[in-house]
Amino acid sequence: MKVLNKNKLPAVFDKLAQQSELFVPLQKKEQSGFYSWKSFDQASDQLALDLLNVYLPPKQVLLPQTEKMYSFRQEEGGVAISEVYEESQARVIFGIRACDLQAINCLDQAFLTRGFVDEFYKARRDNTTIVASACYKPGANCFCSSMGVNPLEPAGADAIIRDTGTEYFIWEARTPAGEELSRQLAEFLEEKELPLPQSQAFERQVDMEGVAEKLSQVFSSPLWEELSDACQTCGICTYLCPSCYCFDIQVKNQGEAGYRFRCWDSCMYGEYTLMAGGHNPRASATERFRNRFLHKLEFFNERYGMPLCTGCGRCIIACPAGIDISKIITAAKEAEWSA
Amino acid sequence: MHNCNCENPLVPQIVEIVKIIDETPDVKTFHVRNENGVPFDVKPGQLAMVSLLPVGEGMFSVSWQEEKEHLQFAIRRVGLMTDELHSVGVGHKIGVRGPYGNGFPVEACQGKDMLFIAGGIGLAPLRSFIKYCLKHRADYGKIQVLYGARSYADLCFKDELFELWPKEKDTEVFTTLDRPEEGWDGHVGLIPSYLEELKPAPEGKVAVICGPPIMIKFALKSLEKMGYNDEQVITTLEMRMKCGIGKCGRCNIGSEYICLDGPVFNLAQLRKLPPEW
């Protein structure tokens, strides 16, 4: 098998970063997330390949928090489009976990299927190579295996690394793009036989069997009020969620010119569905809360055949009100809800 | 550098406003085209995103496509962007992208008698279907239009309502105002009650309805009472939209996106969705 010596990672990253924008999990002071390797500061940053999970999900590599779409300029009697920004630069995401990769599989469904292709997303996605890190030790809030994710075999990876607990990662190329990385990294890869790591059991598990079907019958249940009671609609769950992709489109005007950009939005905010004229189909926190969890667990599943929650556990950690999606799944499963 | 990126569905094409018609104190109809005519073909009931840079974008039903010449949008002044749009003149350039959504089932309705029920600006989307039926007159049976507004001044498309449509073969237009008004000798009262007075029989008929949520709610009840089944009743929904292509998230009702799977649904389809419409 091919193995990669961990001590060579900085050199490996330097090499990859020559040809691509490379994103790796870094701990930057109090914050952790997927950052450009170019931003790595030896004095204050640490490589965080072991961290479960980095706080900020990697979705911003493909769907930046804010991205310019096109610029325009005012002309006599109107306006002209000057430039469309589609970023097709090569990118590598290194060290993504199976849950976050499954979230990207969800984004692919939302942005690339069903009639329209989102060209801004596609330009990035087509030029992104993904090296996933197989997970052998789930964290306390992890429940990916309950959501149909196999942490040992990240679906959709171009290459996979496996931490053997020694100074070596096992390196497996899975696609032609992964083989290309193997060629680029040939000088760092060694042939060595090492035992596969032992996987550990999940502390947190939920039973998703039948949950989507059950949820489809309980839209009007009063239990939603009980479940949403603590929710402050702060939106942190949506910002940290690796698969939440809703966006707003806004404009920045600078004198005679300007640009339109899109940015992450949150279904937890009242303005999200507020129409000109004042009508709001989801005016209350309970309605928005219900829509979010139904989107995660029922609606997305119905449309694309997979839940929009991958069990990464970030929202459980971050929610200031202690709302726990795994408990909502269990409540849905167990409660005698009446429609 | 793209001037008109037709491959990217989120980038508008630039069109010119070639005509503006004052319909009511707060509704204007804008005719737009580029140098070649229509920027794209639109089916009755489909939507397009109108972009007034730098102010904003808004999703509107296309109230008519005139051959390959121009698109018509009847737009009510109701917010920031529409307020600004009402202040620009002929010759102004704006952006437009689309078409979005499914549109009305014009083919499935062939051979049927058509009953159109609209309130206020709700006639704007239905107008594309009404005009389509009149253009393909032989394909449809009797055409009835029931339309109401708060006052005479608030009636849109008066020329068509009072002059053009009633002259068409086998076509009736019933107009009502919410309140009595000097000089108005027509019907006074709300649409659902007028509908129950007229009692159009459900046999062989399709009812197409659009208006304020409260009017839709009561008119649907009236239709049900008169014996219309859920497949015979069609409506077109409205939700806040940003992308128009089923990605940005906000216009969902259940697992359906109004911009993509809608905006047109029959009542049988709507009843399968969560009651957020």
Side-chain angles (χ1 to χ4, degrees), chain A residues 69-70 72 74-84 86 110-111 114-121 216 219-220 244-254 257-260 262 265 267 271-282 287 290-291 294-295 298-304, chain B residues 1-5 7-17 49 51-58 76 78-83 88-89 91-95 100 212-213 237-257 260-261 273-277:
Chain A
M69 301 169 76
Y70 56 91
F72 58 88
Q74 301 292 337
E75 292 183 339
E76 186 69 25
V79 72
I81 307 292
S82 339
E83 197 176 345
V84 178
E86 285 168 12
F111 283 107
R114 298 303 175 106
F116 285 96
V117 169
D118 186 299
E119 298 292 338
F120 299 103
Y121 180 86
S216 70
F219 189 84
S220 303
C244 269
Y245 58 85
C246 291
F247 60 86
D248 190 7
I249 297 177
Q250 288 291 346
V251 73
K252 174 80 179 162
N253 197 31
Q254 302 159 316
Y259 58 88
R260 213 188 270 291
R262 70 172 167 191
D265 201 348
C267 59
E271 292 81 359
Y272 181 71
T273 46
L274 177 65
M275 287 188 259
H279 180 62
N280 193 342
R282 291 192 279 269
E287 289 166 311
R290 175 177 61 192
N291 183 67
L294 290 181
H295 187 215
E298 182 202 343
F299 302 154
F300 196 87
N301 211 19
E302 224 171 276
R303 199 170 176 85
Y304 300 109
Chain B
M1 177 119 133
H2 309 236
N3 221 336
C4 145
N5 184 323
E7 286 84 49
N8 190 322
L10 292 176
V11 179
Q13 303 182 52
I14 302 300
V15 291
E16 186 180 337
I17 298 172
M49 188 66 96
S51 185
L52 183 64
L53 290 160
V55 186
E57 283 187 319
R76 183 161 163 231
V78 70
L80 199 66
M81 180 265 183
T82 50
D83 203 37
V88 305
H92 197 83
K93 292 203 176 78
I94 60 172
Y100 301 128
L237 298 182
E238 196 178 6
M239 288 286 273
R240 187 169 198 185
M241 297 174 190
K242 288 286 183 170
C243 73
I245 60 174
K247 317 292 187 202
C248 80
R250 74 206 64 230
C251 76
N252 79 297
I253 295 177
S255 63
E256 304 278 297
Y257 286 98
L260 197 62
D261 309 307
L273 298 180
E276 278 189 341
W277 45 279

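Chain letters run A, B, ... following the sequence lines, proteins first, then strands; residues in each count from 1.
- To the nearest 0.5 Å, atom CD of residue A/E119 and atom CD of residue B/E7 are 8.0 Å apart.
- Remark: A/Y70 OH to B/S51 OG distance equals 4.5 Å, nearest 0.5 Å.
- One N or O on the side chain of B/K247 and one on the backbone of A/F116 form a donor-acceptor pair closer than 3.5 Å.
- For B/R250 (side chain) and A/Y272 (main-chain N/O), a donor-acceptor pair under 3.5 Å exists by modelled atom type.
- A donor-acceptor pair is defined here as one N or O able to donate and one able to accept, closer than 3.5 Å; such a pair exists between the side chain of B/R240 and the backbone of A/E271.
- Looking at A/D265, only its side chain comes within 4.5 Å of chain B, counting heavy atoms on both sides.
- In terms of heavy-atom proximity, A/F299 sits nearest to B/P274 at CZ-CG, 4.2 Å.
- The CE atom of B/M241 sits 12.5 Å away from atom OG1 of A/T273, with the distance rounded to the nearest 0.5 Å.
- Using a 4.5 Å cut-off between heavy atoms, A/N291 contacts chain B through its side chain alone, with no backbone atom that close.
- Of the two parts of B/V55, only the backbone, made up of N, CA, C and O, holds a non-hydrogen atom closer than 4.5 Å to a non-hydrogen atom of chain A.
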**Prompt:** side-chain contact (heavy atoms from CB on, under 4.5 Å) between A/R260 and B/L53: does it pass, once the steps are laid out?
**Reply:** CA-CA 9 Å; A/R260 213 188 270 291; B/L53 290 160; 3.2 Å; yes
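- Once rounded to the nearest 0.5 Å, the distance linking CD1 of B/I14 with CD1 of A/I81 reads 4.0 Å.
- Contact between B/P54 and A/N253 at its shortest, heavy atoms only, is CG-ND2, 3.3 Å.
- When heavy atoms are compared at a cutoff of 4.5 Å, A/Q74 approaches chain B solely by way of its side chain, counted from C-beta outward.
- Residues passing the side chain to side chain donor-acceptor pair (under 3.5 Å) test with A/R290: none are found, sequence neighbours excluded.
- B/P9 and A/V117 get closest at one heavy-atom pair: CG-O, 3.5 Å.
- Both the backbone and the side chain of B/E57 come within contact range of chain A, judged by heavy atoms closer than 4.5 Å.
- Counting heavy-atom pairs closer than 4.5 Å to chain B, the top residue among A/D248, A/N301, A/D118 is A/D248.
- Heavy atoms of A/F247 lying under 4.5 Å from chain B belong to its backbone as well as its side chain.
- Residue A/I249 holds its CD1 atom at 6.0 Å from CE of B/M49, rounded to the nearest 0.5 Å.
- The structure places OH of B/Y257 at 10.5 Å from CZ of A/R114, a figure rounded to the nearest 0.5 Å.
- If you measure heavy-atom distances from B/N252 to chain A, the contacts under 4.5 Å come from both the backbone and the side chain.
- Nearest heavy-atom pair, A/F120 versus B/V11, reported as atom, atom and distance to 0.1 Å: CZ-CG2, 4.1 Å.
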**Request:** Walk me through it: do A/F219 and B/L273 pass the test side-chain contact (heavy atoms from CB on, under 4.5 Å)?
**Result:** CA-CA 10 Å; A/F219 189 84; B/L273 298 180; over 6 Å; no
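- Of the listed residues (B/R76, B/E238, B/E16), the one with the most heavy-atom contacts under 4.5 Å to chain A is B/E238.
- In plain terms, the two heavy atoms of A/C246 and B/G249 that are nearest each other are SG-CA, 3.7 Å.
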**side-chain contact (heavy atoms from CB on, under 4.5 Å) assessment of A/R262 paired with B/C248** = CA-CA 10 Å; A/R262 70 172 167 191; B/C248 80; over 6 Å; no
**Request:** Would you check, one step at a time, whether the test side-chain contact (heavy atoms from CB on, under 4.5 Å) holds for A/E302 with B/E256?
**Result:** CA-CA 10 Å; A/E302 224 171 276; B/E256 304 278 297; 6.0 Å; no
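- Heavy-atom distances place the side chain of B/L260, and not its backbone, under 4.5 Å from chain A.
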